[in-house]
Amino acid sequence: MVLLATFASLRWGEVSALRRTDIDLDAGTVRIRVAFVERSTGELVLGPPKSKAGRRVVGIPQGIVSALREHLDTYVQADPGALVFPGMKGGPLRRSGFNTRTRWVDVVREMGLPGLHFHDLRHTGNMLAAESGAGLKDLMARMGHDNVRAAMIYQHAVRGADRVITEAIDRQILGRDDDEDGQAGVLIPMG
C-alpha cells in the first residue's frame, strides 16, 4: 500500500478503494475509478475520486511490481472485486486502522521522519514525477488534477534542474568538462 501510494501518487481514498481488477501487473498499470471518503460521522462512503481528472490509469514502476504481485497472491482474494488492501474484517481499511496495524507513528519516528503523514507519500511520488521532466498536462493526468495550480507547484519545486544545467554550462565555459575529443568550450557552427 505504501509503495503504490508513493510511486503511483495515489490519495488515501483511492488506494484504499482499489479492487483486484484495478491492478494490471502485466501492463504495469493501476486504474483509479472510485475512492473512499470518511465523513465526520465516521461513515465510509464510496464515490468518485476527488476531481474529475481523478479517474485515470497510472503506470506502476517495475521496481514495485514484484512486491505487489506477492501481496496480491498472498493477501487478496481471487475475486476480481476483492479489495486489494482490506481491513481486519475484510471490509474497507480505515486510515485509523492502518495507522494502528502498521504502528505508523512509531515506525516513521524510528525512521527519523517524525510527523510524516500518509499523504506525504503522494507528495513524494508527485515530486518524483515532476523531476522526470514530464510536461504539465502529463503531470496533471498522473496526479489526477484537473487544474494546473497543484501540478505547477511540483514543477516549480523541481526547478533546481536549471541550477544543474547552469553548473554544467559553467564547467564547459571553464573547461572543466572535457569530452573525449578535448573540445569542451569550443564553439560549433550549427549551419
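These numbers were taken from a predicted model, which means no experiment stands behind them. For the numbers below, each heavy atom of this structure counts, side chains included, while hydrogens, waters and symmetry mates do not.
- Without hydrogens or angle criteria, Arg122 side chain to Met143 main chain gives a donor-acceptor distance under 3.5 Å.
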| said: Between Ile32 and Leu18, does the side-chain contact (heavy atoms from CB on, under 4.5 Å) criterion hold? Intermediate values first, please. | reply: CA-CA 7 Å; Ile32 310 306; Leu18 290 175; 3.9 Å; yes

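- Interatomic distance, Leu139 CG to His145 NE2, rounded to the nearest 0.5 Å: 10.0 Å.
- Of all non-hydrogen atoms in Gly144 and Ser51, the two that sit nearest each other are O-OG, 2.5 Å.
- Note on Leu44 and Met88: separate hydrophobic clusters, where clusters join Ile, Leu, Val, Met, Phe, Trp and Tyr whose side-chain heavy atoms are under 4.5 Å apart, directly or indirectly.
- Between Leu68 and Leu3, every side-chain heavy-atom pair lies at or beyond the 4.5 Å cut-off.
- Of all heavy-atom pairs between Pro86 and Leu93, the closest is C-CB, 4.0 Å.
- With a 4.5 Å cut-off on side-chain heavy atoms, Val107 and Leu113 do not count as touching.
- A donor-acceptor contact shorter than 3.5 Å is absent between the side chain of Arg142 and the backbone of Ala130.
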Practice prompt. Go through Glu14 and Arg56 one step at a time and tell me if the side-chain contact (heavy atoms from CB on, under 4.5 Å) criterion holds.
Written response: CA-CA 11 Å; Glu14 295 170 345; Arg56 64 201 188 280; 2.9 Å; yes

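- Between Asp106 and Arg109, at least one side-chain nitrogen of the basic residue sits less than 4.0 Å from a carboxylate oxygen of the acidic one, meeting the salt-bridge criterion.
- Put simply, CZ on Arg95 and CG on Asn99 are 7.5 Å apart, with the number rounded to the nearest 0.5 Å.
- The shortest side-chain heavy-atom distance between Val84 and Leu72 falls under the 4.5 Å cut-off.
- Just one residue in the list Thr21, Val58, Asp24 forms a side chain to side chain contact (heavy atoms under 4.5 Å, CB included) with Arg31, and that residue is Thr21.
- Closest approach of Gln62 and Gly28 over heavy atoms only: NE2-CA, 4.5 Å.
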**Message:** Under the criterion side-chain contact (heavy atoms from CB on, under 4.5 Å), I'd like the reasoning laid out for Arg19 against Val34: C-alpha separation, chi angles, the key distance, then a yes or no.
**Reply:** CA-CA 10 Å; Arg19 306 289 175 162; Val34 294; over 6 Å; no

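- Atom CD1 in Ile64 sits 12.0 Å away from atom CZ in Arg69 (nearest 0.5 Å).
- Residue Arg20 holds its CZ atom at 11.5 Å from CG of Leu83, rounded to the nearest 0.5 Å.
- Connection of Phe98 to Leu10 is established within a shared hydrophobic cluster, with ILVMFWY side chains joined at heavy-atom distances below 4.5 Å, either directly or through further cluster members.
- Smallest separation of non-hydrogen atoms from Met1 and Phe85: N-CE2, 3.3 Å.
- Between the OG1 atom in Thr6 and the CG atom in Asp120 there is a gap of 10.0 Å [rounded to 0.5 Å].
- The heavy-atom pair separating Gly125 from Ser9 by the smallest distance is C-OG, 3.1 Å.
- Atom-to-atom distance recorded for Phe36:CZ and Trp12:CH2 is 10.5 Å, nearest 0.5 angstrom.
- When atom types are taken as modelled, the side chain of Ser132 and the backbone of Ala129 share a donor-acceptor pair closer than 3.5 angstrom.
- By the neighbour-count criterion of 12 heavy atoms within 6.0 Å, atom CD of Glu70 is sparsely surrounded, having that number or fewer from other residues, nucleotides or ligands.
- Grouping the Ile, Leu, Val, Met, Phe, Trp and Tyr side chains by contacts below 4.5 angstrom, directly or via other members, places Leu128 apart from Met140.
- Side chains of Val2 and Thr102 form no contact here, defined as non-hydrogen atoms less than 4.5 Å apart.
- Nearest heavy-atom pair across Trp104 and Leu116 is NE1-O, 2.8 Å.
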